[in-house]
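Shown next, in structure tokens, is the structure this report addresses.
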Amino acid sequence: MNDQHTTAQELSARAAAMLAEGRVQEAQRLFAEAAIHEAAALAAVPADRIRTRSVLSVSVASLLYKGARLDEAERAIFRYLASGDLDAWADSQLRELLYVVTDERQLMNTLDRRYSGETITVSLRGGEIGTGTGPLDLILEKATGFRSLLYRMAEWVGQFPLRHHG
């Protein structure tokens with residue numbers, strides 16, 4: 001297991017460096033290759049080593065995603081979730097990654113586009129907002145306003161004509 005995992009880490013580090021240089025296709029190829037080695041490392045881990053299996057399961061699925069192997073990533077996620085022997089945090093991370101994979105597949109199928117990899121985090125704070133909770137009307141109002149702002153920014157960046165309404 002150790003040699004396979006070490007090889008996967010080395011390939012992943014090289015892929016990350018290529019990605020930083022803008023060499024996306026080469027990076028994706030290396031991430032996919034790293035996933036093969038990480039899967040081999042996972043296969044060698046005994047069933048009673050739940051933490052190790054959890055770490056490697058998330059790693060394999062993530063590497064497949066980074067390698068643009070969305071179908072394989074989805075199948076791996078389902079397989080690892082179906083096993084029922086992962087730590088709760090790994091289960092949660094795999095489910096979150098499944099949402100990302102699903103969204104990206106839908107985006108590619110409908111618009112022939114890809115995620116940029118950039119993220120936007122929106123936080124609401126105030127008297128009525130708790131951790132993960134808030135009044136629905138307030139949340140919807142803020143989400144609608146933020147969506148409008150994003151559309152306007154996209155139109156500005158895309159140099160579309162300024163709309164005065166609608």
Check step by step if side-chain contact (heavy atoms from CB on, under 4.5 Å) holds for E33 and L30.
-> CA-CA 5 Å; E33 189 178 335; L30 286 178; 4.0 Å; yes
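- Note that CD1 of I36 and CD of E72 are 7.5 Å apart. Values are rounded to the nearest 0.5 Å.
- Within the 4.5 Å cutoff, the side chain of V55 has heavy atoms near those of the W89 side chain.
- In this structure, Q9 and H5 have side chains that are in contact, with non-hydrogen atoms separated by less than 4.5 Å.
- Considering CG of L56 and CG of L63, their distance stands at 10.0 Å, rounded to 0.5 Å.
- Side-chain N or O atoms of T102 include one that pairs as donor or acceptor with a backbone N or O of L98 at under 3.5 Å.
- Hydrophobic clustering places F78 together with L94 (ILVMFWY residues linked when any side-chain heavy atoms are closer than 4.5 Å, directly or through intermediates).
- Inter-residue side-chain proximity for R105 and E74 is flagged as met; some heavy-atom pair is nearer than 4.5 Å.
- With rounding to the nearest 0.5 Å, the separation of CD in E96 from CD1 in I77 is 10.5 Å.
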Apply salt bridge (Lys or Arg N to Asp or Glu O under 4.0 Å) to R95 and D91, showing your working.
-> CA-CA 6 Å; R95 290 178 192 282; D91 188 272; 2.6 Å; yes
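- Atom-to-atom distance recorded for S83:OG and I50:CD1 is 9.5 Å, nearest 0.5 angstrom.
- Using a 4.5 Å cut-off on side-chain heavy atoms (C-beta onward), L19 and V24 make contact.
- By the 4.5 Å heavy-atom criterion applied to side chains, Y80 and V58 are not counted as neighbours.
- Across every non-hydrogen atom of S54 and D87, the tightest pair is OG-N, 2.8 Å.
- More than 12 heavy atoms of other residues, nucleotides or ligands shown are found within 6.0 angstrom of CD on E21.
- Between the CD atom of Q93 and the OG atom of S57 there is a distance of 11.0 Å, given to the nearest 0.5 Å.
- The line from NE2 of H37 to OG1 of T6 is 11.5 Å long, rounded to the nearest 0.5 Å.
- The nearest pair of heavy atoms linking S12 to A34 is N-CB, 4.1 Å.
- For R53, the CZ atom is densely surrounded, since the number of other residues' heavy atoms within 6.0 Å is greater than 12.
- Taking every heavy atom of both residues into account, S62 and L97 meet most closely at N-CD2, 3.6 Å.
- M18 and E26 get closest at one heavy-atom pair: SD-CB, 3.5 Å.
- Both V60 and V101 are part of a single hydrophobic cluster, where members link through side-chain heavy atoms under 4.5 Å apart.
- In the displayed structure, E155 atom CD is contacted under 6.0 Å by more than 12 heavy atoms of other residues, nucleotides or ligands.
- Note on L86: it clusters hydrophobically with L64, by side-chain heavy-atom contacts below 4.5 Å among ILVMFWY residues.
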